[in-house]
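The structure appears below as structure tokens.
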Amino acid sequence: MAENPTLRVCALYGELMNIYADRGNLLLLERRCRWRGIGFELANATLGDRLDADAHDLYYIGGGQDADQRLCAADLVEHKAPALHAAAARGALVLGVCGGYQLLGHGYQLEDAWLPGAGLVDLETVRVEGPRLIGNVAIEVDLDDGPKRVLAGFENHAGRTRLGADEHPLGRVLRGHGNDGRSAAEGVRRGGVIGTYLHGPLLPKNAWFADWLIAAALDTGVAELGPLDDALEDAAHAAARRAAGIAER
Amino acid sequence: MMLGAKVSVARALGAIARASGRGGGTSLPGMLLQRLDRDAIGTLARRLPRGSALLSATNGKTTTAALAANILAKAAIPIVHNRAGANMASGVASALLDAVGPKGTIKGELGLFEVDEFWLPSVSAQLAPRSLLLANLFRDQLDRYGELEAIADRWAAVVAAAPGELGLVLCSDDPLVADLGRGREATYFGVRDDRLALPEIQHAADSKHCRRCGAPLQYLAVYLGHLGRYRCPNGHDPQPEPTVQAVEVELHGVHSATFSLISAAGRAHVELPLPGLYNVYNALGAAALCLSLGVALGDVVAGLQDAEAAFGRAETIAVDGRALSIMLIKNPAGANEVLRTLVLEPGQHDVLGVLNDGIADGRDVSWIWDADFELLASRLRGVTCSGTRADELGVRLKYAGVAPEKIAIVGDLPDAFDSARAAGNGTLYALPTYTALLQLRGLLADRGVAARFWR
């Protein structure tokens with residue numbers, strides 16, 4: 001870790017893509033940095049803004065309502081996709097949650113429109129006849145070839161996401177629906193590009209994953225960050241797991 | 001079977017269910033009646049000589065309906081009202097069923113029904129109301145209701161299908177709601193007092209864009225969530241001028257508010273015994289609805305001034321010598337108004353927060369991260385977190401800036417209630433979600449307090 005590290009986060013369309021309390025994710029990152037003496041900067045890049053591929057360590061896209069997602073999809077392709085590709089190539093993290101996850105792939109086929117995506121990962125989302133996939137969800141993830149860990153959250157999406165043959169999911173569904181309700185795959189991960197349907201928000205229910213993101217974005221290890229008193233966070237994680245029907249091991 | 005016989009059957013079965021202690025007394029008879037006669041709501045409502053008024057909103061339905069009922073009582077207009085807040089079709093049917101008298105007459109002249117925002121289309125189609133009050137649309141229980149725009153589209157279809165003589169009453173300050181009146185007659189209400197304006201639009205605010213061109217609306221003043229004075233930068237559809245206005249608004253902590261009510265009927269000073277700007281909006285909605293029904297301004301003011309808080313909507317009760325103030329929180333916009341009102345009270349506060357994730361609360365508790373608990377951070381002496389998701393509420397408060405040593409987690413509600421009451425001093429503020437409010441009411445009943453809410 002650098003001498004005076006600072007986590008530089010850029011929220012894409014923070015005022016539009018925030019439907020499932022995405023602020024909670026950003027708040028976890030901020031507080032957990034500051035409590036450790038790590039600097040934290042938050043920028044917002046909205047419609048029409050140019051995106052700087054070198055200025056941020058973590059790019060975040062949250063979920064949005066249909067109308068907002070359409071606006072953002074068009075803008076993403078026109079103004080931001082090349083910078084996101086360049087940022088990912090140099091090792092920055094890109095985290096998409098829910099609607100933001102859908103925009104990381106090739107695109108999203110709605111009944112009446114095709115929403116183009118950033119094309120960072122080989123996946124496609126379609127809206128199909130049938131119910132929205134809603135409920136508590138828990139997935140098992142294997143991020144660093146270490147012990148498998150659990151992410152718990154809540155999902156609420158109409159789209160079904162299919163991964164390309166060479167693409168890996170973020171995790172395996174233990175309870176809930178995941179990408180399409182059938183394949184047991186949830187989310188996507190290719191290096192530092194991560195997408196997931198888990199909101200709720202994700203990081204307050206999985207503080208360990210917030211730390212993993214901070215460490216990865218700063219190119220260090222979680223152990224180097226130093227511990228925090230996570231009694232409340234651990235209890236909230238356990239409660240989210242119980243809500244999904246997965247007891248703590 | 002004639003409707004009269006079906007009414008008797010539904011009532012008898014409802015009485016049996018109640019007597020067997022299975023609960024559901026407010027919705028079950030109506031549900032049975034609808035099973036027996038699909039058009040029961042319409043058939044019974046047509047017997048009301050003055051017709052029906054419906055109201056819907058994300059926040060404030062029960063309070064607004066209670067205020068309107070109080071006003072109509074001053075005007076000596078007998079009403080049929082789903083007072084208990086059962087606001088789906090079955091609740092409306094139950095209220096009508098309760099009002100059926102001998103020989104099928106109905107005991108009441110006007111129907112006053114609060115309706116769940118999702119149920120509005122079907123209830124409105126059956127009832128054919130003479131008046132419809134639509135007050136606000138906020139982000140709420142996305143797992144249950146879906147997206148805000150989808151609700152707005154459903155409401156627009158209700159308005160489009162209604163006959164021209166429908167008395168439409170709309171909040172001018174909510175762009176999504178005000179837009180429903182485009183191209184037709186409507187009564188608009190709104191606040192006009194920029195001393196109340198927030199420094200910036202709250203981050204959880206919705207519908208901040210012009211419904212015509214999608215451009216971000218420019219706010220001249222933000223009063224509450226996305227409610228305020230706004231304009232489209234491209235000049236689309238100027239905000240309708242409210243004909244029923246609140247000006248010179250003064251908020252008095254968690255107890256009351258005063259304002260001047262301006263309408264075509266004149267100007268009057270109102271001392272509202274309910275707190276917060278959100279209740280000023282509720283009062284304005286009730287006033288606008290009743291004025292549009294022809295009620296005299298004096299009756300409107302009298303009805304507002306001796307209102308009582310609905311259970312769990314900021315009423316204060318004494319429990320063994322200590323004041324308990326209960327304020328329902330269920331979505332970001334509503335919670336923000338409760339928090340904003342609470343911190344009007346000076347000093348440090350003791351709070352009991354109860355977060356449940358039942359179906360009626362929304363299984364998804366992410367909304368607490370959109371609510372501005374930061375407002376409380378420097379004003380808490382201590383907080384007890386309870387409910388099925390007590391831990392996550394604790395995490396939310398910690399990240400809002402509350403010192404962890406001030407946060408106690410006690411999942412079980414009776415235990416949490418006792419430990420919260422034993423800590424701190426002065427008023428204990430309870431902030432429960434919907435199912436937690438019902439549990440709290442049960443707990444208070446078991447202990448012999450708050451009996452007045454079982455009328």
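All values below were derived from every heavy atom in this structure, side-chain atoms included, with hydrogens, water molecules and symmetry-related copies excluded. Per chain, numbering begins at 1; letters A, B, ... match sequence-line order.
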Q) In Å, rounded to the nearest 0.5 Å, how long is the span from CD1 of Ile19(A) to CG of Asp370(B)? A) 8.0 Å

(Q) How long is the straight-line distance from CH2 of Trp369(B) back to CG of Leu203(A), given to the nearest 0.5 Å? (A) 9.5 Å

Q. If you round to the nearest 0.5 Å, how far is OH of Tyr399(B) from CD of Glu233(A)?
A. 3.5 Å

Q) Mind checking whether Glu374(B) and Leu27(A) have side chains closer than 4.5 Å, heavy atoms only? A) yes

**Q.** Residue among Asp357(B), Val395(B), Ile409(B) with most heavy-atom pairs under 4.5 Å to chain A
**A.** Val395(B)

Q. So do Leu232(A) and Arg396(B) actually touch side chain to side chain, heavy atoms under 4.5 Å?
A. no

Q: Name the region of Ala240(A), side chain, backbone, both or neither, that has any atom closer than 4.5 Å to a heavy atom of chain B.
A: both

Q. Under 3.5 Å, is there a donor-acceptor pair linking the side chains of His199(A) and Asp364(B)?
A. yes

Q. Can you tell which of Pro204(A), Ala207(A), Ala239(A) has the highest number of heavy-atom pairs within less than 4.5 Å of chain B?
A. Pro204(A)

**Q.** Distance (rounded to the nearest 0.5 Å) between Asn156(A) CG and Ser366(B) OG
**A.** 9.0 Å

**Q.** All pairs passing salt bridge (charged side-chain N to carboxylate O under 4.0 Å, His left out) where residues 195-205 of chain A contributes a residue, at least two apart
**A.** Lys205(A)-Glu392(B)

Q.
Need one label for Leu16(A): side chain, backbone, both or neither, based on atoms under 4.5 Å from any heavy atom in chain B.
A. side chain

Q | Pair Tyr20(A), Arg139(B): side-chain N/O donor-acceptor within cut-off below 3.5 Å | A | no

Q: Kindly give the heavy-atom pair with the smallest separation between Arg31(A) and Gly401(B), and that separation in Å.
A: NH1-CA, 4.0 Å

Q) Under the 3.5 angstrom rule, does the side chain of Arg363(B) hit a backbone N or O of Gly135(A) as a donor-acceptor pair? A) no

Q: Could you look at Ile407(B) and say if it's the side chain, the backbone, both or neither that has a heavy atom under 4.5 Å from chain A?
A: side chain

Q.
I'd like to know if the side chain of Arg389(B) and the backbone of Ala243(A) have a donor-acceptor N/O pair within less than 3.5 Å.
A. no

Q) Is the shortest heavy-atom distance from the side chain of Leu148(B) to the side chain of Gln65(A) under 4.5 Å? A) yes

Q: Measure across Asp391(B) and Ala235(A) and return the closest heavy-atom pair with its distance rounded to 0.1 Å.
A: OD1-CB, 3.3 Å

Q | Interchain contact, Asp229(A) with chain B, by part (heavy-atom threshold 4.5 Å) | A | backbone

Q. What residues form a side chain to side chain donor-acceptor pair (under 3.5 Å) with Arg172(A), not counting sequence neighbours?
A. Glu140(A)

